[in-house]
Amino acid sequence: MAVIQTAGLSKRYKDKWAVDHLDLRVEQGDIYGFIGRNGAGKSTTLKLLCGLARPTQGEALIFGKPIRDGVARRRVGALIEQAGLYPDQSGRENLRLYATLLGLDSPERQVDEILETVGLAPREKKPVKHYSMGMKQRLGVGLALLGGPDLLLLDEPINGLDPEGIREMRELLLGLNRDRGITLVISSHILGELSKIATRYGIIQNGRMVEQITAGELEQKCTDYLHLRAEQPQKAAAVLERELRLTRWEMRPEGEIRIYEAVDTKTVGRILIQAGIAVEEMGLHRQDLEGYFLERMGGSDHV
């Protein structure tokens with residue numbers, strides 16, 4: 001079941017398309033890693049999905065209903081950019097204030113449950129201004145949990161955290177997904193950390209979706225491979241597939257052949273020479289997660 005489905009979702013500010021005809025799909029139970037460079041449109045997309053911004057064009061459905069539908073919106077919790085915390089109040093008081101604003105029944109019980117869920121002491125009276133960054137971020141997630149949402153939209157929840165804070169946030173998010181069945185959409189710059197929890201990824205560039213890929217598909221793509229260019233790439237691929245009985249290979253649009261199986265380069269060269277095909281380039285290529293994402297986003301600038 002699609003929890004989020006967008007079709008041509010777009011947002012324009014003056015002469016710039018911040019989100020440009022974006023097609024995005026998030027399945028129920030996903031931990032969806034939303035990846036792109038600074039300014040790629042991640043935050044704007046999340047604002048559109050939770051109703052903080054109105055689309056210029058296109059459509060977005062949440063649980064099969066338009067975002068403006070009140071029932072659908074009540075099933076969504078969001079932490080966009082930084083949480084709007086009252087610095088002189090405790091974490092408990094912050095949650096109570098927001099619960100009152102939302103008109104929640106039995107806010108006291110829900111506040112205690114949320115504080116325990118995010119790893120904060122329910123009776124702690126220390127004001128938020130004395131919290132660590134990790135505590136503030138976990139409290140921000142707590143605010144997003146008010147009302148018992150089925151979907152969380154989190155914008156850079158681990159940005160600026162130290163290793164311990166990142167670990168605590170990772171365990172919190174995994175627990176929400178595993179124990180409560182909450183679907184998560186998480187934007188993050190920290191690709192290595194995101195790869196530890198994401199089940200599906202969406203890569204955005206200049207407001208457009210470049211690729212949506214599952215964690216399993218990504219793992220396959222981020223394996224070592226033999227890179228090959230030949231004068232007759234289609235014929236070369238057919239010959240190698242037949243002679244080496246290849247099952248894991250692909251032909252790239254520019255004519256590059258990638259073989260994701262352990263093969264001997266001398267054997268590959270010999271087979272092609274015997275078939276009358278000249279080899280132009282051949283070599284082993286090691287692909288890691290960060291390298292794959294940077295390649296798909298079009299370069300090695302900051303993500």
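One N or O on the side chain of Glu217 and one on the backbone of Thr214 form a donor-acceptor pair closer than 3.5 Å. The closest donor-acceptor contact from the side chain of Asn94 to the backbone of Ser90 lies under 3.5 Å. Checked by atom type and distance alone, the side chain of Arg12 pairs as donor or acceptor with a backbone atom of Lys14 at under 3.5 Å. Side-chain atoms of Thr44 never come within 3.5 Å of backbone atoms of Gly41 as a donor-acceptor pair (strictly under, hydrogens ignored). A donor-acceptor distance shorter than 3.5 angstrom exists from the side chain of Ser10 to the backbone of Gly8, with no hydrogens or angles considered. Gln89 contributes no side-chain N or O that, together with a main-chain N or O of Val128, makes up a donor-acceptor pair within less than 3.5 Å. Distance alone, capped at 3.5 Å, places no donor-acceptor pair between the Lys47 side chain and the Lys42 backbone. Checked by atom type and distance alone, the side chain of Asp179 never pairs as donor or acceptor with a backbone atom of Leu176 at under 3.5 Å. Judged by distance alone, with hydrogens and angles left aside, the side-chain atoms of Arg229 form no donor-acceptor pair with the main-chain N or O of Glu281 at under 3.5 Å. Remark: side-chain polar atoms of Gln110 are paired, donor with acceptor, to backbone N or O of Gly147 under 3.5 angstrom.
In this pair, Tyr98 and Tyr86 present their aromatic rings tilted. The plane angle is within the 30 to 60° band.
One hydrophobic cluster holds both Leu102 and Val141 under the rule that ILVMFWY side chains link at heavy-atom gaps under 4.5 Å. Note: the hydrophobic cluster containing Ile80 does not contain Leu161 (ILVMFWY, side chain heavy atoms under 4.5 Å, direct or indirect links). Note on Leu48 and Phe63: same hydrophobic cluster, where clusters join Ile, Leu, Val, Met, Phe, Trp and Tyr whose side-chain heavy atoms are under 4.5 Å apart, directly or indirectly. Tyr225 is not connected to Leu284 by any chain of hydrophobic side-chain contacts under 4.5 Å among Ile, Leu, Val, Met, Phe, Trp and Tyr, and they are in different clusters. Criterion: ILVMFWY side-chain heavy atoms under 4.5 Å apart, direct or through other members. Under it, Ile166 and Ile197 are part of a common hydrophobic cluster.
Each of Thr183, Leu49, Leu184 was compared with Val26 under the side-chain contact (heavy atoms from CB on, under 4.5 Å) criterion, and only Thr183 meets it.
A 4.5 Å side-chain heavy-atom check between Asn206 and Asp20 finds every atom pair outside the cut-off. Using a 4.5 Å heavy-atom threshold, the side chains of Thr265 and Val263 count as separate. Ile4 is not listed as a side-chain neighbour of Arg25, based on a closest heavy-atom distance of 4.5 Å or more. The shortest distance between side-chain heavy atoms of Glu164 and Arg167 falls below 4.5 Å. Looking only at side-chain heavy atoms (C-beta outward), Tyr131 and Lys126 come within less than 4.5 Å of each other. In this structure the side chain of Ile182 never reaches within 4.5 angstrom of the side chain of Leu151, judged on heavy atoms. At a threshold of 4.5 Å between non-hydrogen side-chain atoms, the residues Leu79 and Leu153 do not count as touching. Counting heavy atoms from C-beta outward, Leu173 and Ile31 have side chains that stay 4.5 Å or more apart.
Ser187 contributes atom OG, which lies 8.0 Å from atom CG of Leu154 (distance to the nearest 0.5 angstrom). The CH2 atom of Trp249 sits 9.0 Å away from the CG atom of Leu240 when rounded to the nearest 0.5 Å. Note that CD1 of Ile186 and CG of Asp155 are 11.0 Å apart. Values are rounded to the nearest 0.5 Å. Separating the CG atom in Leu194 from the CZ atom in Arg170 is a distance of 11.5 Å, to the nearest 0.5 Å. Atom CD of residue Glu108 and atom CZ of residue Arg96 lie 4.0 Å apart, to the nearest 0.5 angstrom. Atom CD1 of Ile158 is separated from atom CE of Met169 by 8.5 Å, given to the nearest 0.5 angstrom.
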Could you walk me through whether Leu226 and Val268 pass the side-chain contact (heavy atoms from CB on, under 4.5 Å) check? CA-CA 10 Å; Leu226 180 69; Val268 170; 4.0 Å; yes
Take Leu115 and Thr117 through the test side-chain contact (heavy atoms from CB on, under 4.5 Å) and record every step on the way to the result. CA-CA 5 Å; Leu115 286 170; Thr117 297; over 6 Å; no
Could you go through the side-chain hydrogen bond (donor to acceptor under 3.5 Å, both in side chains) check for Thr247 and Glu261 one step at a time? CA-CA 8 Å; Thr247 58; Glu261 300 176 34; 3.1 Å; yes
side-chain contact (heavy atoms from CB on, under 4.5 Å) between Ile204 and Ile35, worked out: CA-CA 6 Å; Ile204 186 174; Ile35 298 167; over 6 Å; no
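Of all heavy-atom pairs between Gly29 and Asn177, the closest is O-ND2, 3.1 Å. Of all heavy-atom pairs spanning Gly77 and Pro149, the tightest one is N-CB, 3.4 Å. For the residue pair Leu120 and Arg138, the shortest heavy atom distance occurs at CD2-NH1, 3.8 Å. The heavy-atom pair separating Val118 from Leu172 by the smallest distance is CA-CD1, 3.9 Å. The two residues Cys50 and Val76 make their nearest non-hydrogen contact at CB-CG1, 4.4 Å. Heavy atoms only, all atoms of each residue included: Leu146 and Ala99 are closest at CD1-N, 3.9 Å.
Atom CE of Met251 has more than 12 heavy atoms from other residues, nucleotides or ligands within 6.0 Å. For Arg252, the CZ atom sits in a packed shell: over 12 heavy atoms of surrounding residues, nucleotides or ligands are nearer than 6.0 Å. The environment of CD in Gln57 is crowded: more than 12 heavy-atom neighbours from other residues, nucleotides or ligands sit within 6.0 Å.
The salt bridge (Lys or Arg N to Asp or Glu O under 4.0 Å) search around Glu280 returns none, not counting sequence neighbours. Partners of Arg242 under the salt bridge (Lys or Arg N to Asp or Glu O under 4.0 Å) rule, at least two apart in sequence or in another chain, do not exist in this structure. For Trp17, the ring-ring contact (aromatic ring centres under 6.0 Å, His included) partners two or more places apart in sequence, or in a different chain, are His21.
The cationic atom of Lys11 (NZ for Lys, CZ for Arg) lies less than 6.0 Å from the six-membered ring centre of Tyr13 and within 45° of the ring axis. No cation-pi contact links Arg200 to Tyr32, judged by a cut-off of 6.0 Å to the six-membered ring centre and 45° from its axis.
Side-chain contact check for Thr6 and Glu59: no donor-acceptor pair (N or O, by modelled atom type) lies under 3.5 Å.
Ion pairing of Asp150 with Arg180 is absent here, as no side-chain N (NZ or NE/NH1/NH2) approaches a carboxylate O to less than 4.0 Å.
Taking the six-membered ring where the residue is Trp, the centroids of Phe293 and Tyr201 are separated by under 6.0 Å.
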